[in-house]
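Below is one structure, written out as structure tokens; the observations come after it.
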Amino acid sequence: MKHCHTLRALFSMCLLLFVLRPATAAEAALSVRIAVDSQQAEVREQVTRQALSQILLRMTGRDGLAESGAAAPLLERPGRFLQRYQYESQPGQQLVLLLQFDGTAIRRALADRGVPTWSTDRPPVLVWLAVEQGGRRLLVGGEEGGEIRAQLQAAAARRGVLLLFPLMDSEDRQKVSGADVFGGFSERVQQASERYGTPIMVMGRMYREGGGWAARWTLSERGSASWNTAGATPGEVLDSAAVELATRLQPRYAVLPTAGSREQQLVIQVTGVGTLRDYDRLERRLRTVGGVIDVRPLALEPDTVLLQLALEMAPERVWNALKQDRALVLVSALRNGSDSGQDLQTPVFRLTP
């Protein structure tokens, strides 16, 4: 009886977490601030086109999209995507125009033209970056390498890529050093990365080469891929790295929703969920899966939870991603009859410890 009360309490808490969870902020960030010389209409129209170009890059991660044949028509009348604008001014400072765009309308217009946009719940990329300078190898994170960190974050943010840097606290320092990252000891870095709960990790080593800078990058996400960047300044090297990173993440995390289609769903069963901590870990993990935009609890049995995943891509693609997730082990697939006469599959997974 006590166990039943515990289960009911856990399920009630899961439902409460679902009800109280704020809506995704995927479209809330679609605003741009640009300095202007005047409030004339022709200046505002030009700035609106410039701002929409920035939004297109942020939503797709594709440099040059604004000039491409697919997206160019969107810039012919940029005002149709503008929700509101306002001017901001401070004494002694330049006038700034704040523009806020309708992300849903832009996403739909891009989908109509066959252009994928970033998944709303894409996970962040954990960055381990070692910089060799003045005979010292600096590991960016915590209080170290603030300028380099800011440059890389800005370059990634322009392309809609979310970055996460290590805390470099005592736990991180015990597990990994700048020499480990610079030397490419990926196993040690992978172990140190587990605490951050994101499936994407990139290692970089940046150093002076000739009269400029160079870097070597390795992305770990369902395998590994490496590339080099070079430039006259660290900023050029980091910007090139952000371009390549966005390009490599697009096949998995940029989706093409069907215009006008209903939200798609996938129901899964997960065992090994006996505590609220287990549920919270499971939910956070599921939200990092490409195509999953919401996680809704349906039922709770001893050690098992039934969940409905709201999707923005085909359920088969999400299912395949779940089967390859290290936190989940596929146990079986039950077949249930549907009203349409076809069989629906309910995957059963086990949450790993």
Side-chain angles (χ1 to χ4, degrees), residues 23-32 34 45-85 99-125 154-163 200 219 221-222 225 227 239-264 287-294 310-318 320-321:
T24 176
E27 313 298 357
L30 295 185
S31 60
V32 177
I34 299 181
E45 183 178 352
Q46 180 181 357
V47 169
T48 301
R49 185 174 293 105
Q50 179 184 346
L52 181 57
S53 296
Q54 295 182 25
I55 293 295
L56 294 177
L57 175 59
R58 192 187 308 175
M59 292 185 70
T60 65
R62 293 170 55 177
D63 283 79
L65 178 66
E67 293 77 29
S68 70
L74 277 64
L75 295 171
E76 293 177 358
R77 292 189 296 117
R80 59 183 166 144
F81 300 109
L82 188 62
Q83 287 184 324
R84 68 182 184 90
Y85 68 89
L99 306 103
Q100 183 169 320
F101 291 88
D102 185 345
T104 301
I106 297 173
R107 188 181 296 273
R108 187 183 305 118
L110 288 170
D112 290 343
R113 290 163 175 79
V115 180
T117 50
W118 287 123
S119 169
T120 53
D121 279 359
R122 61 197 180 282
V125 180
R158 284 195 295 271
R159 297 164 176 88
V161 176
L162 312 176
L163 298 186
I200 319 174
L219 173 67
E221 199 271 338
R222 291 192 175 187
W227 69 93
D239 193 73
S240 297
V243 172
E244 186 67 23
L245 183 58
T247 300
R248 292 180 180 273
L249 293 177
Q250 284 163 5
R252 173 156 164 76
Y253 295 106
V255 298
L256 187 63
T258 303
S261 64
R262 294 182 302 172
E263 175 188 274
Q264 301 190 73
R287 288 179 178 275
T288 68
V289 176
V292 176
I293 58 176
D294 204 358
L311 313 177
E312 60 179 359
M313 66 170 60
E316 294 78 11
R317 288 183 60 185
V318 176
N320 289 333

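One is the number of the first residue; the rest follow in order along the sequence.
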Let me see the working for Leu311 and Asp294 under side-chain contact (heavy atoms from CB on, under 4.5 Å), right down to the final yes or no. CA-CA 7 Å; Leu311 313 177; Asp294 204 358; over 6 Å; no
Walk me through it: do Ile34 and Gln54 pass the test side-chain contact (heavy atoms from CB on, under 4.5 Å)? CA-CA 11 Å; Ile34 299 181; Gln54 295 182 25; 3.9 Å; yes
Test side-chain contact (heavy atoms from CB on, under 4.5 Å) on Tyr85 and Val47 and set out the steps. CA-CA 11 Å; Tyr85 68 89; Val47 169; over 6 Å; no
Worked verdict on Phe81 versus Leu52 for side-chain contact (heavy atoms from CB on, under 4.5 Å): CA-CA 8 Å; Phe81 300 109; Leu52 181 57; 4.0 Å; yes
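Between the side chain of Arg122 and the backbone N or O of Ser119 there is at least one donor-acceptor pair closer than 3.5 Å. Side chain of Arg49 to backbone of Leu75: a donor-acceptor contact under 3.5 angstrom is found. Using a distance-only test at 3.5 Å, with no hydrogens or angles considered, a donor-acceptor pair links the side chain of Arg107 to the main chain of Trp118.
At least one side-chain heavy atom of Tyr253 sits under 4.5 Å from a side-chain heavy atom of Ile200. No side-chain heavy atom of Leu99 sits less than 4.5 Å from a side-chain heavy atom of Ile55. For the pair Leu245 and Val243, the minimum side-chain heavy-atom distance is 4.5 Å or more. At least one side-chain heavy atom of Leu74 sits under 4.5 Å from a side-chain heavy atom of Arg113.
The minimum heavy-atom distance linking Ala71 with Leu65 is given by the pair CB-O, 3.3 Å. Nearest approach of Ala155 to Asp239, heavy atoms of both residues: CB-OD1, 3.7 Å. Here the shortest heavy-atom pairing between Ala321 and Val289 reads CB-CG1, 3.9 Å. The shortest non-hydrogen separation linking Thr48 to Pro78 is CG2-CB, 3.8 Å. Shortest non-hydrogen contact noted between Gly103 and Met59 is O-CE, 3.7 Å. Considering every non-hydrogen atom in both Thr60 and Pro116, the closest pair reads CG2-O, 3.6 Å.
In this structure Leu57 satisfies the side-chain contact (heavy atoms from CB on, under 4.5 Å) test together with Asp63, Arg158, Arg159, sequence neighbours excluded. In this structure Arg80 satisfies the salt bridge (charged side-chain N to carboxylate O under 4.0 Å, His left out) test with no other residue, sequence neighbours excluded. Legend: residues meeting side-chain contact (heavy atoms from CB on, under 4.5 Å) with Gln83, ordered by chain and number and at least two apart, are Gln100, Asp102.
Atom CZ of Arg77 and atom CG of Leu82 lie 13.0 Å apart (nearest 0.5 Å). To the nearest 0.5 Å, the span separating OG1 on Thr117 from CZ on Arg62 amounts to 10.5 Å. From Leu56, atom CG reaches atom CG of Leu110 across 6.0 Å, with rounding to the nearest 0.5 Å. Of the inter-residue distances, the one linking Ser31 atom OG with Arg84 atom CZ reads 8.0 Å to the nearest 0.5 angstrom.
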